[in-house]
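No experiment lies behind these values; they were computed from the predicted model shown. By convention in this document, chain letters (A, B, ...) are assigned in the order of the sequence lines, proteins followed by strands, and residues within each chain are numbered from 1.
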Amino acid sequence: MNVTNTQNRYLTDLNEKQIEAVTISNESALILAGAGSGKTKVLTSRVAWLIHNQVASPGGILAVTFTNKAAKEMLLRISAQLPINTRSMWVGTFHGLCNRFLKKHFKDAGLPEIFQILDSADQKSAIKRVMKSMNVDEELFTSKDMQYFINANKEEGLRSNIFKAYDDISKKKNEIYSMYEKQCQKEGVVDFAELLLRCLELLQKNTAIREHYQSTFKHVLVDEFQDTSKLQYQWLKLLTADESYIFAVGDDDQSIYGFRGASPGNMKDLQKDFNIKNVIKLEQNYRSKNNILNAANAIIDNNKDRLGKNLWAASGDGDLIRLYTALDDRLEASYLIDEIKMLHRAGKSYDQIAILYRNNAQSRVIEMAMVSNNIPYRVYGGLRFFERAEIKHTLAYLRLISNKNDDNAFIRIVNFPPRGIGSRSIEQLEDYAKNNSLSMWGAAKAFSSENKSPKISNFVELIQGLEDQIHATGLDESIDYINTYSGLKEHYSKDKDGSSRIENLDELVSAAKSHMLDRRDEGHENLLTKNQSLVLADFLDFTSLESGELQASAGDDALQLMTIHSSKGLEFDVVFITGLEDGLCPHERSLLEDKGIEEERRLMYVAVTRAKNKLYLTLAQSRMIYGQATYNLPSRFLDEIPDGLIKRLSNRKEVSSSPTRIAPYSESNHIWKVGTTVSHQKFGEGVVTGYEGNENDLRIQIKFSGHGIKWLAMEYAKLNKA
DNA sequence: CCCGAGGACCTTTTT
DNA sequence: GGTCCTCGGG
């Protein structure tokens, strides 16, 4: 490879493989980028290289990621490398870019100019409304099932008029789906899946638009390609015409989002569809010590169907991996405390230490231990800023002002804060709206002009007053005004724990302010001054698409607590992977799924490769799950790590004072293994989810499909293997 | 309208 | 065990 080119300062600190990836010419590429191999660096250097060498203009580049955080990071790093403005580049998330397309071509997409985006919670309540209006009770299936049905079909590109019902239930579901589509269209709202599907359909149906973008985007770059869904892949294909090239970066071993539609098979399809001759593998790892990498390599080697790669580092072996077995989950947590205190005394800052777990429920015990030991910590995940109830309330006022057809928003705030418009009045409005094909707002206005209800008239006036305010002053001031005059602040001031909610409402004002400043920096001055309605709509898009990561008190030196899933992409000096028990990690439910165990193994691989210098693996022999003590075996993944890499520690803090515990009964001694399907005379079919006791008194925990979770004493119960 | 009792639920998550 | 939702009485 010729790297002597003087023009390419973008290549100076890249390794040979990275350079090969960055400088690939006139062909599409699949870059198999292992954990810690400089994936983002390659992607942004690629953009810089393309532009610098005039292979592409900024406007000819489309780069897509999954999260806003990643998109921001990408833009930041591109502009750090290149002295150009990045405004003309299309860089963003799949949803953000689709929204941009749909906004630009709203007419061709069959949408109103100002349409609102529903987040999952909004979608669910919209579905509930449909089901209620069709008198479908949630006995047969829930609104959650329905939500899954709709999103899965949209993901498959199936509209309700194409879907083929195979039984009565799916027939009913499809009827609801159809009504839901109509309702969204009428109300001018679009859910997340719709953003993608609508955009795909726009490109499919409209040749002129499709060809325009195909000739515009010469280079389409995709990050985390293994996480793309089938729909997203189709979208990418449609945007990339014959003379365009796709540059996909991903790692099949880090595909952990199968459950939400990720289709790592796209990597194989890509090779075929884009005629990719050689996959470029980035295997040099710049993050972890070799003991850690070798453990990761050994674990992932048990998966079949990999594209295959082996990580290595030039940085030496490092410490052995420490494996600690605690008697129970509380003692596991106190081991964490001991180790962390020790590390901290040795000068390690808390924020370089992460505690990972498989599910969120596990954080409770750990958090309690942290609190009682005064160790600062931060839990990732959970409720986002824009998802908080009080924020959604103010946003609903804004949404209704922005789009009077948004019945979701109307219903949310018509009686919040309480203003004496009870469920009976709301039902009357609903009926009136239905009979006269009006929106709820339309019905309220009709009621108001006929003086049917003074309370509803007041509400109509309130909204109109707030709307005037929006047009009279800036967005942030208007939000402040709404917070007060809607009565929200007063309402929360009466609440005993309402003060934090009021703080959040004020925080929303600053969020609006900084959003406008960002827009100004991005050069959208026109958008900001010309038309208040568009300013508002733009802000509302922002609040739906950017869920608002917890305003991280970035300066704080705090321990990092998160699920393994949310640790993807991050790195820490010290990593504790906790709860390494069969049933938890791998999760018992994954054992029932096809290929489930392989995804769990990838999860383990992701967890292990987060660690730079020190890796701790911990497990507990017994653990409280759903209020029950459960006994699990050590995770099977632990057996996959070569012995030479591990230092085993066990029950270092023996608890002589604790009451006699039933020793965990080895699973190999009985036939009722976790995951076994069994049948019971009375309860029917079920799956073994745990067990406790000993030879003489063995009890098995079984989850029955119809009767929930039961503990059965094997001495009495008559069980058969199904 | 508010509050408390009772029931169902319980893997992972971004947009 | 905890949370979230629903429903019914005050």
**Request:** Dump the intermediate steps for side chain to side chain contact (heavy atoms under 4.5 Å, CB included) on A:Leu462 and A:Arg419, then the final yes or no.
**Result:** CA-CA 11 Å; A:Leu462 170 69; A:Arg419 47 176 71 90; 3.5 Å; yes
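- The phosphate of B:dT15 has neither OP1 nor OP2 within less than 4.0 Å of any side-chain N or O from A:Asn99.
- Rounded to whole Å, the distance from CZ on A:Phe259 to C1' on B:dT15 is 13 Å.
- Residue A:Glu194 is classed as having no contact, given no heavy-atom separation below 4.0 Å to the nucleic acid.
- No side-chain heavy atom of A:Asp145 sits under 4.5 Å from any side-chain heavy atom of A:Phe149.
- A:Gln123 places its CD atom 13 Å from the C1' atom of B:dT14, with the value rounded to the nearest Å.
- Just one residue in the list A:Arg399, A:His95, A:Gln116 forms a side-chain hydrogen bond (donor to acceptor under 3.5 Å, both in side chains) with A:Ser544, and that residue is A:Arg399.
- In this structure, the CG atom of A:Asp582 is 15 Å from the C1' atom of B:dT11, given to the nearest Å.
- At B:dC10, none of the side-chain N or O atoms of A:Asn359 fall inside 4.0 Å of OP1 or OP2 (strictly under the cut-off).
- Using a 4.0 Å heavy-atom cutoff across all strands shown, A:Glu593 reaches at least one base atom of the nucleic acid.
- Toward the 5' end of DNA chain B, the nearer of the two residues A:Asn360 and A:Gly96, judged by each one's closest nucleotide, is A:Asn360.
- Because its glycosidic torsion is within 90° of 0, B:dT11 is reported here as syn.
- Both thresholds, 5.5 Å between centres and 30° between ring planes, are not jointly met by A:Tyr257 relative to the base of B:dT12, so the two rings are not stacked.
- Across the protein-nucleic acid pair, A:Lys124 atom NZ and B:dC9 atom P stand 12 Å apart, rounded to whole Å.
- Across all strands shown, A:Phe192 has heavy atoms under 4.0 Å from base atoms, whether or not it also approaches the sugar-phosphate.
- Within the structure, a side-chain polar atom (N or O) of A:Arg384 is placed less than 4.0 Å from OP1 or OP2 of B:dT14.
- At least one side-chain nitrogen or oxygen of A:Arg364 sits closer than 4.0 Å to the OP1 or OP2 atom of C:dT3.
- Atom CG of A:Leu603 is separated from atom P of B:dT11 by 15 Å (rounded to the nearest Å).
- A cation-pi contact, defined as under 6.0 Å to the ring centre and within 45° of the axis, is absent between A:Arg601 and A:Tyr605.
- At the heavy-atom level, A:Asp227 lies nowhere under 4.0 Å from the strands shown.
- Across all strands shown, A:Asp119 has no heavy atoms under 4.0 Å from either base or sugar-phosphate atoms.
- Whole-Å rounding puts the A:Leu197 CG to B:dT15 C1' distance at 15 Å.
- When the nearest nucleotides of DNA chain B are assigned to A:Glu600 and A:Ser423 by heavy-atom distance, the more 5′-ward of the two goes with A:Ser423.
- Stacking between A:His95 and the base of B:dT15 is absent under the criterion of ring centres within 5.5 Å and planes under 30 degrees.
- Between A:Arg589 atom CZ and B:dC10 atom C1' there is a gap of 8 Å when expressed in whole angstrom units.
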